[in-house]
Amino acid sequence: MITANRKLKVILAQPRGFCAGVERAISIVEEAIRIYGPPVFVRHEIVHNKRVVDELKNKGAIFVDEVSDIPDGGVTIFSAHGISEKVENQARLRSLPVIDATCPLVSKVHKEGQHHATKNRDVILIGHASHPEVEGTMGRIKGGVHLVTNIEDVKNLQVRDENKVAYVTQTTLSVDDTREIIAELKEKFPNIIGPDVRDICYATQNRQAAVRNIAGE
Ligand code: SF4
């Protein structure tokens, strides 16, 4: 418990707050409400922040888990996390008016994975199961993706050809944890192709570095 006269030192990390991808997605929702009028339907919470989500709800956004929760003709916004082809097709089949707020840095990872798949490489995704970004990325790469979350997963991994393997990563991972997994992958598959930790977006890396600096103070 904090007593009334106890002094606390508050250190603000720099940078902090929302990344550019989330700011962009929030603006897209606000603009969509302004242009088309409420309600607009957003698949997945645009950001894990109750205050922002509540503000957008008050303005006329309705957050849904699935495209099937959106009524016919409802203006549909896909969150910054990105979506699988299956979800995109569900919206297309119903001719829903779609605005895609997928962060360009997530789209970049999709493209990397798709490129490796066209080269007939087994694609490994380092990420967390059931995270919306991971679901989207896995659903964008043809031929299947091996999801690894930890060193143990790497040890158990079986691929078609050990010389034709590539990896991509979720954009919001711990840089340190990911480095360890990549090192394990490189040991197991010396010819593996990948982006090092560069798929982890600059906003995530900068914020982790800022917290590390504070912890060192
Ligand atoms: S990839 Fe980075 S910038 Fe884009 S939404 Fe995710 S955390 Fe934000």
Side-chain angles (χ1 to χ4, degrees), residues 12-33 40-57 59 61 63-65 67 76-85 87-88 91 98-117 123-141 145 147-149 166-179 181-182 194-215:
L12 296 178
Q14 191 61 260
R16 61 181 181 276
F18 298 137
C19 60
V22 164
E23 295 276 11
R24 176 176 172 273
I26 292 169
S27 304
I28 287 173
V29 175
E30 290 175 337
E31 273 297 283
I33 294 169
V40 302
F41 297 85
V42 187
R43 186 176 178 277
H44 281 153
E45 292 202 339
I46 206 103
V47 54
H48 302 141
N49 180 300
K50 189 176 177 326
R51 184 180 60 78
V52 172
V53 167
D54 285 348
E55 276 176 18
L56 290 173
K57 280 182 184 169
K59 289 178 183 171
F63 292 89
V64 298
D65 290 330
V67 168
T76 300
I77 300 175
F78 294 139
S79 73
H81 304 104
I83 34 114
S84 65
E85 263 181 34
V87 170
E88 191 177 36
V98 165
I99 303 169
D100 187 356
T102 301
C103 176
L105 298 177
V106 174
S107 299
K108 174 176 149 280
V109 175
H110 293 172
K111 288 200 179 79
E112 282 171 11
Q114 286 160 350
H115 170 73
H116 292 311
V123 181
I124 298 163
L125 170 62
I126 305 171
H128 296 294
S130 80
H131 187 283
E133 180 187 322
V134 165
E135 287 175 4
T137 301
M138 292 185 79
R140 287 266 154 201
I141 300 170
V145 176
L147 178 65
V148 301
T149 303
Y167 69 89
V168 293
T169 86
Q170 187 182 328
T171 59
T172 48
L173 295 176
S174 151
V175 174
D176 294 335
D177 292 352
T178 307
R179 259 203 203 101
I181 296 172
I182 291 171
D196 208 333
V197 291
R198 276 169 294 156
D199 275 350
I200 299 178
C201 82
Y202 71 93
T204 303
Q205 300 214 17
N206 291 346
R207 279 156 181 74
Q208 287 177 19
V211 172
R212 218 176 283 120
N213 283 343
I214 288 177

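Counting from 1, the numbers follow the sequence of the chain as shown. Predicted, not measured: the structure shown is a model, and the values here were computed from it. For ligands, and for the atoms within them, numbers begin at 1 and follow the listed sequence.
Formation of a donor-acceptor pair under 3.5 Å by the R140 side chain with backbone atoms of I83 is found in this model.
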**OP:** Kindly indicate, with the supporting measurements, whether the criterion side-chain contact (heavy atoms from CB on, under 4.5 Å) is fulfilled by I26 and I46.
**Re:** CA-CA 7 Å; I26 292 169; I46 206 103; 4.2 Å; yes

Check step by step if side-chain contact (heavy atoms from CB on, under 4.5 Å) holds for D199 and K108. CA-CA 8 Å; D199 275 350; K108 174 176 149 280; 3.7 Å; yes

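Below 30°, between 30° and 60°, or above 60°: for H48 and H81 the angle between ring planes is below 30°, a parallel geometry.
Here 1 is the count of protein N, O or S atoms positioned under 2.8 Å from atom 4 (Fe) of ligand 1, waters not counted.
For the residue pair T102 / D100, a side-chain donor-acceptor distance below 3.5 Å is found, with atom types taken as modelled.
Residue pairs that meet the side-chain hydrogen bond (donor to acceptor under 3.5 Å, both in side chains) test with at least one member in residues 19-33, sequence neighbours left out, are E30-K59, E31-R34.
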